[in-house]
Amino acid sequence: MPREGLVSRPPMRIESAAGDPSEAADVARAAAGDSSAFERLYRRHAARIHSLVRRMVEGEADANEVTQDAFVRAWERLGTFRGESSFGTWLHRLAVNVALNWRKSAARSRRRFDEEATAEDLPGRRDAGAERMDLDQAIGRLPPGARQVFVLHDVEGFRHEEIAELMGVTAGTSKAQLHRARMLLRDHLER
Amino acid sequence: MDEHLGERLSAYVDGALDGAALAAAEAHLSACAECRDAVQGLRHVVALAHALDDRPPARDLWHGIAERIGAEGGAAVVPFARRRRFAFSIPQLAAAGLALSLLSAGAAGTAVHFLTGRAAPTGTAFVPFGALPVHLTAMATPYDTAITELEEILAVRRGEFDSATVRTVEASLRVIDQAIAQARAALVRDPNNPYLNGHLRSTLDRKLDLLRRAAMLPKVS
């Protein structure tokens, strides 16, 4: 059963191209400049996008900033949305790109990311009954490359080839990072 | 014993190994408790990852977004003049219309010219909304609401389109409306037919999609 205050994530990447009828109208209105319609879209997708972003960056404050960036970018680029996928899928993809580019920003060089992090750096498990919450927190402490591949592959359902294209790496690198992340998380959970 | 499987463990867990690679991995696993334990642990991690919940941000982020997009309090409406350019072309719409026509080859009837707002003669028996079975009414309601909203947008923007675009959109909509009318008529006779229900839903989706695309067309300069 989902925890209180949480919403269940829709099945990964199986939204229909047409999407929700009322959402389609809001998308059209927002594309025409109606910010109230865009606010409704934000309300509908905020949890989904913020959860994705929070797992890809580190810390709530950064996640808030990147989430806002993603929605502002979506507003600016609604004109490029062709309806070939659902709005939710399009927005999700856009947010992935914003989060990946955010990491690359020179302004983020102050980040405490450590590519040499090991399982020992991860926080200890709180209790056996909160494994999912524990995993969610542990994901945020993974080395950034491994974390992003893990989130995209195991949480969001992207294929290695897609991840490779998004991140500008090879599929082999994506596979290696995924295995690294999984082993770190497995070691953490078994501590 | 061979060296441990390493990254192949994740490939094995994902079902990405086949042929000789899979046979080799299974042979190793049959003899290596350490790798078997690792497989079990990795599967547990993957299962947990699939079960993660979404959680809304701890504070409402809309205010910051609204400021950045110039929407005071999130309620302002940006004039059409500020709209961005869209990428749909008339050939694309024509292609869509052609594809849609395959849904109902030979259809000659029509329901409504929404862009002009005038009713058109129909070649198929029109089914009043109230005549539909209850479950179909429930299905149609959100579609009708969205379709009405989009038609209002298009009515406002009609003067921004060239005549060729209007003709193309209307031709496509005639075909879709014909298919919707046929599906509804058939469902009155056989309301629980799963194919007909699915066909109606997909056809409504197509109409909605076409309307949405049309509503997002760029203004002709």
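When the candidates A:D26, A:N64, A:V53 are compared by the number of heavy-atom contacts under 4.5 Å with chain B, A:N64 comes out ahead. Counting heavy-atom pairs under 4.5 Å between each of B:A16, B:A11, B:A38, B:P57 and chain A puts B:P57 at the top. The choice from B:D14, B:I65, B:L61 that makes the most heavy-atom pairs within less than 4.5 Å of chain A is B:L61. Between chain A and the residues B:V13, B:L9, B:V45, the largest count of heavy-atom pairs under 4.5 Å involves B:V45. Here B:G6 is the residue among B:G6, B:G64, B:A58 with the most heavy-atom pairs under 4.5 Å with chain A. Per-residue heavy-atom pair counts under 4.5 Å with chain B were compared for A:E60, A:R54, A:K175, and the maximum is reached by A:R54.
Residue-environment remark: CD (B:Q40) stays at or below the threshold of 12 foreign heavy atoms within 6.0 Å.
For B:R8, there are no salt bridge (charged side-chain N to carboxylate O under 4.0 Å, His left out) partners two or more places apart in sequence or in a different chain. Partners of A:R73 under the salt bridge (charged side-chain N to carboxylate O under 4.0 Å, His left out) rule, at least two apart in sequence or in another chain, do not exist in this structure.
For the residue pair B:H44 and A:E190, no side-chain donor N or O sits within less than 3.5 Å of a side-chain acceptor on the partner.
Contact annotation for A:Q68: both backbone and side-chain heavy atoms come within less than 4.5 Å of a heavy atom of chain B. With a 4.5 Å cut-off on non-hydrogen atoms, A:R29 touches chain B through its backbone and its side chain both. With a 4.5 angstrom heavy-atom cutoff, A:F38 touches chain B via backbone and side-chain atoms both.
Relative ring orientation between A:Y42 and A:F71 is described as perpendicular, the plane-to-plane angle rising above 60° on a 0-90° scale split at 30° and 60°.
Under the 3.5 Å distance criterion, the side-chain polar atoms of A:R186 are left unmatched by any main-chain donor or acceptor of B:L42.
Remark: of the listed residues A:R147, A:R182, A:R159, A:R182 is the sole one forming a salt bridge (charged side-chain N to carboxylate O under 4.0 Å, His left out) with A:D154.
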